[in-house]
Amino acid sequence: MINIAYLSLGSNIGDRERWLKQAIMELERTDGLQIEKVSSIYETDPVGFTEQDAFLNMAVKVKTSLSAHELLIRCLQIEKQLGRVREFRWGPRKIDLDILLYNNENIEMEDLQIPHPRMTERAFVLVPLLEIDGKVRHPQQNVSLVEVLSGIPDKEGVRLWKQINGEGGSVLFES
Ligand SMILES: Nc1ncnc2c1ncn2[C@@H]1O[C@H](COP(=O)(O)OP(=O)(O)OP(=O)(O)O)[C@@H](O)[C@H]1O
Ligand SMILES: Nc1nc2c(c(=O)[nH]1)N=C(CO)CN2
């Protein structure tokens, strides 16, 4: 069975673009997973814990035969492989991979909630996601994410940092 998932990637330590690219390379290497689209890269003001450096954020759309939980395990493995150290919640990180959406499913597991519970509050998630697919809807709230984004006051904290015209992941490695 082929599933469609959207992921959010973020980094605010060291060579932020490099960690994003490496995470995408690792996703591409995953059996049963193909990257369909990548967004541009955005520089974003930190949200939650604000006394930290700006993030680079982007979104990717993947096609996968992995279950949602298998995809989570793979994301955690990639974070670990790239040397992410968990210091504290919402604190700085080399790389963060979150699953935003998995088909149209609502998933409530102890260690996995989909749609990602905080995605509708975060312009740094919605701007890149909507660049990839402007028609996405929120499966629980049954609203278009464009509408959700229009209700978020603080969108100026999200700035285009590197434009990518992205079908597939390989475009990221061309420059
Ligand atoms: N949709 C999801 N995508 C990724 N991780 C999830 C998801 N739902 C629950 N989790 C759990 O969240 C844990 C990691 O949270 P993490 O440390 O990345 O949180 P955070 O990035 O600091 O905060 P936030 O969750 O608000 O983005 C994972 O170990 C995973 O079990
Ligand atoms: N701008 C921005 N702020 C954040 C981010 C992030 O990726 N970008 N991730 C967080 C924890 O998931 C907390 N705050």
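Counting convention: from 1, in listed order, for ligands and their atoms alike.
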Query - Donor-acceptor pair between E131 and S40 side chains, under 3.5 angstrom - result: yes

At less than 3.5 Å, what protein N or O atoms come close to the N or O atoms of ligand 2? Include the distances to 0.1 Å.
from, atom 1, to, atom 2, distance (Å)
ligand 2, 1 (N), T44, OG1, 2.7
ligand 2, 1 (N), D45, O, 2.8
ligand 2, 3 (N), V47, N, 3.1
ligand 2, 7 (O), N57, ND2, 2.9
ligand 2, 8 (N), N57, OD1, 2.9
ligand 2, 12 (O), D96, OD2, 3.3
ligand 2, 14 (N), V47, O, 2.7

**Report entry** Nearest-neighbour protein heavy atom for atom 17 (O) of ligand 1, which is reported as residue plus atom name and distance
**Finding:** R86 NH1, 2.5 Å

Query raised in the report: Does the distance from a Lys or Arg side-chain N to an Asp or Glu carboxylate O, for R159 and D45, drop under 4.0 Å?
Result: yes

Query raised in the report: When rounded to the nearest 0.5 angstrom, what distance separates CD1 in I99 from CD1 in I114?
Result: 4.5 Å

Query raised in the report: What are the atoms of ligand 1, with element, lying closer than 4.0 Å to any heavy atom of H116?
Result: 1 (N), 2 (C), 25 (O), 27 (O)

Requested in this report: Apply the side chain to side chain contact (heavy atoms under 4.5 Å, CB included) test between L145 and each candidate in V125, D133, L129; give the one that qualifies.
Outcome: L129

Query raised in the report: Is the count of non-hydrogen atoms from other residues, nucleotides or ligands lying under 6.0 Å from E156 atom CD greater than 12?
Result: yes

Query raised in the report: Can you tell me which residue and heavy atom of the protein come closest to atom 29 (O) of ligand 1, and the distance to 0.1 Å?
Result: L76 CD2, 3.8 Å

Requested in this report: Please name the pair of heavy atoms, one in A123 and one in K155, separated by the smallest distance, quoted to 0.1 Å.
Outcome: CB-CG, 4.2 Å

Query raised in the report: Nearest to atom 18 (O) of ligand 1 by heavy atom, D96, V47, I95, L72: which?
Result: D96

Report summary line: When every non-hydrogen atom of V148 is compared with those of V143, the smallest separation belongs to CG2-CG2, 3.5 Å

Requested in this report: Using protein heavy atoms only, decide if any is under 4.0 Å from atom 12 (O) of ligand 1.
Outcome: no

**Report entry** Residue, atom name and distance, where the atom is the protein heavy atom closest to atom 25 (O) of ligand 1
**Finding:** R118 NH2, 2.8 Å

Query raised in the report: Taking the minimum heavy-atom distance to atom 1 (N) of ligand 1, which of L101, I99, L71, D111 ranks first?
Result: I99

**Report entry** Per-atom contacts of ligand 1 with D98, taking only distances under 4.0 Å to non-hydrogen atoms
**Finding:** 3 (N), 4 (C), 27 (O)

Query raised in the report: Under a heavy-atom criterion of less than 4.0 Å, does R93 contact ligand 1?
Result: yes

Query - Matching residue for L20 among L56, N57, V38 - test: side chain to side chain contact (heavy atoms under 4.5 Å, CB included) - result: L56

Report task. Could you see which bit of R122 sits under 4.0 Å from ligand 1, with heavy atoms only: side chain, backbone, both or neither? Result -> side chain

Report task. Report the part of L112 (side chain from C-beta onward, or backbone N, CA, C, O) that has a heavy atom under 4.0 Å from ligand 1; answer both or neither where that applies. Result -> both

Query raised in the report: Hey, is CG on N106 packed in by over 12 heavy atoms from elsewhere, all under 6.0 Å?
Result: yes

Query raised in the report: Are V47 and L100 joined in one hydrophobic group, where the rule is that I, L, V, M, F, W and Y side chains link up if heavy atoms are under 4.5 Å apart?
Result: yes

Query raised in the report: In Å and rounded to the nearest 0.5 Å, what is the CE to NE2 distance from M109 to H69?
Result: 5.5 Å

Requested in this report: Using atom types as modelled and distance alone, determine if a side-chain donor or acceptor of S67 lies under 3.5 Å from a backbone N or O of E70.
Outcome: yes

Query raised in the report: With a 4.0 Å heavy-atom cut-off (strictly under), which part of Q113 contacts ligand 1: side chain, backbone, both or neither?
Result: both

